[in-house]
Amino acid sequence: MFEFTSIEQYHAQLQEGNVTCLLAVEHYLKRIDETKHLNAFIEVYTHEVLQKAKELDEKRKAGLPIGKLHGVVIGLKDVICYKDHNISASSNILKKFTSIYSATAVERLLAEEAIIIGNLNCDEFAMGSTNENSAYGKVLNALDETRVPGGSSGGSAVAVQAGCCMVSLGSDTGGSVRQPADFCGIIGLKPTYGRISRYGLIAYASSFDQIGILGNNIPDVALLLEVMAGADEFDSTVSHKEVPAYSKELSTEKKYRFAYFETALSHPGLDPEISAAIKKKIELIKQEGHIVEAVDFELLDYIVPAYYVLTTAEASSNLSRFDGVKYGYRSTAPGVELTEFYKQSRSVGFGKEVKRRIMLGTFVLSAGFYDAYFTRAQKVRNLLKDNIELIFNEFDFILLPNSPVPAFKAGEKMDDPIAMYLADIYTVMANLAGIPAISLPLFKHSINMPFGLQVMSNRFDELSLLRISHLLMAVK
Ligand code: GLN
């Protein structure tokens, strides 16, 4: 019997000879098979991972030094390239496309001897909050199969939630790692913009996108961040700042300063149980000797509109490369001229939500409307950045919910895109400002679903964020 608690414990068991990588991989393959109906995995690399596990076992038994992620079983969201493996961003336009290189993040995991077990379902091109916009069909929440797992990294969250891998990677442009983690009762970290290279991550909105980590405990998440973060010659936006040994520096005695927004916690759209749980947590944090204060924040109602104007604008440009000529699906209609060919390939290849966003983005960038929408949204982004900077002059962290409601029923919001967009109110802030943020599974709702606390820290201060998360998780 194989049971996973943490990477550290797994490694200790491997060294003691109680388990093997092969046993671990066999366990996960069986689990993936048992939970197939959840639809979290798109492809499972069965043959390959069994082979890799055997090689790692032999290497370890021969007494050779082992990597930091030796035998750690990881799933990848279907927007992260893994050489010679299919990648499609859960879109028909890219179905059967094979990666010709691996993302830098993946290269670094592999260099530390991780085992990539398969690719995970998500909303098409990472656009969505429920994992219902996927060419492979929806993903089910393992805790209540009538509910959504959140999105867009729904498959990544369910794979960890249902025990189908040890950790997984997602991408977070406006909450896609934190919100599914919240809905599924696991941890989800979105690092600072530029902490992990985006090379090999299929772009949605390039000035927002960041690879994130989903896991069961803070030391595992910290270890993956430590392995993947840092300078990369293939991504000019990634930071050259030194990468701390996050996983080894998690303990702290420090008393911190937390800010929260009364406007956020008393927002009419927020579920009263979520508001009450966070307020209660605030009192407990104070009792631990930390300072927690309410600060003014006037921008809450502007950030979702700003997010959707800016990200759709970037998406309309990023997704123009999928034209039926260079990649993936191509229309086979006979005898059409070029513009018609593009039109047909894109109309058939893209799903409804992606088309809606490309059109919205093209509209806000059009000559007549550019200043009214795009320029104004950029101003909101700048105001927000300034505001956040001022807060972090005085505080270490900002506390927020992740989502105004716990996991909703499948289909509930599909006909109302605006309601769906507005549910991103608490997560998009971190992406607009480029700061790190984490979702911690601390609470349970009376509908019997989990929900989490969101903590944000200053740019590149993942170390403090992980330390406080470790502390908060310990006193659950
Ligand atoms: N729900 C958000 C959206 O649909 C977040 C997406 C993401 O972070 N990739 O845009």
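Just follow the structure's listing: the first ligand is 1, and inside any ligand the first atom is 1. Because the structure is predicted, anything quoted here is derived from the model rather than measured.
Among protein residues, A126, M127, G128, S129, S152, D172, T173, G174, G175, S176, Y204, Y307, Y308, R357, D424 come within 4.0 Å of ligand 1, judged on heavy atoms.
No donor-acceptor contact under 3.5 angstrom links the side chains of S6 and N217, judged on distance only. There is no side-chain donor-acceptor pair under 3.5 Å between D123 and S134.
Both tests hold for R381 against F208: distance to the six-membered ring centre under 6.0 Å, angle to the ring axis within 45°. Because its NZ or CZ atom is not both nearer than 6.0 Å to the ring centre of Y421 and within 45° of the ring axis, K413 does not count as a cation-pi partner of that residue.
Legend: residues meeting salt bridge (charged side-chain N to carboxylate O under 4.0 Å, His left out) with R357, ordered by chain and number and at least two apart, are E353.
For G349 against N92, the heavy-atom pair with the smallest separation is O-CB, 3.5 Å.
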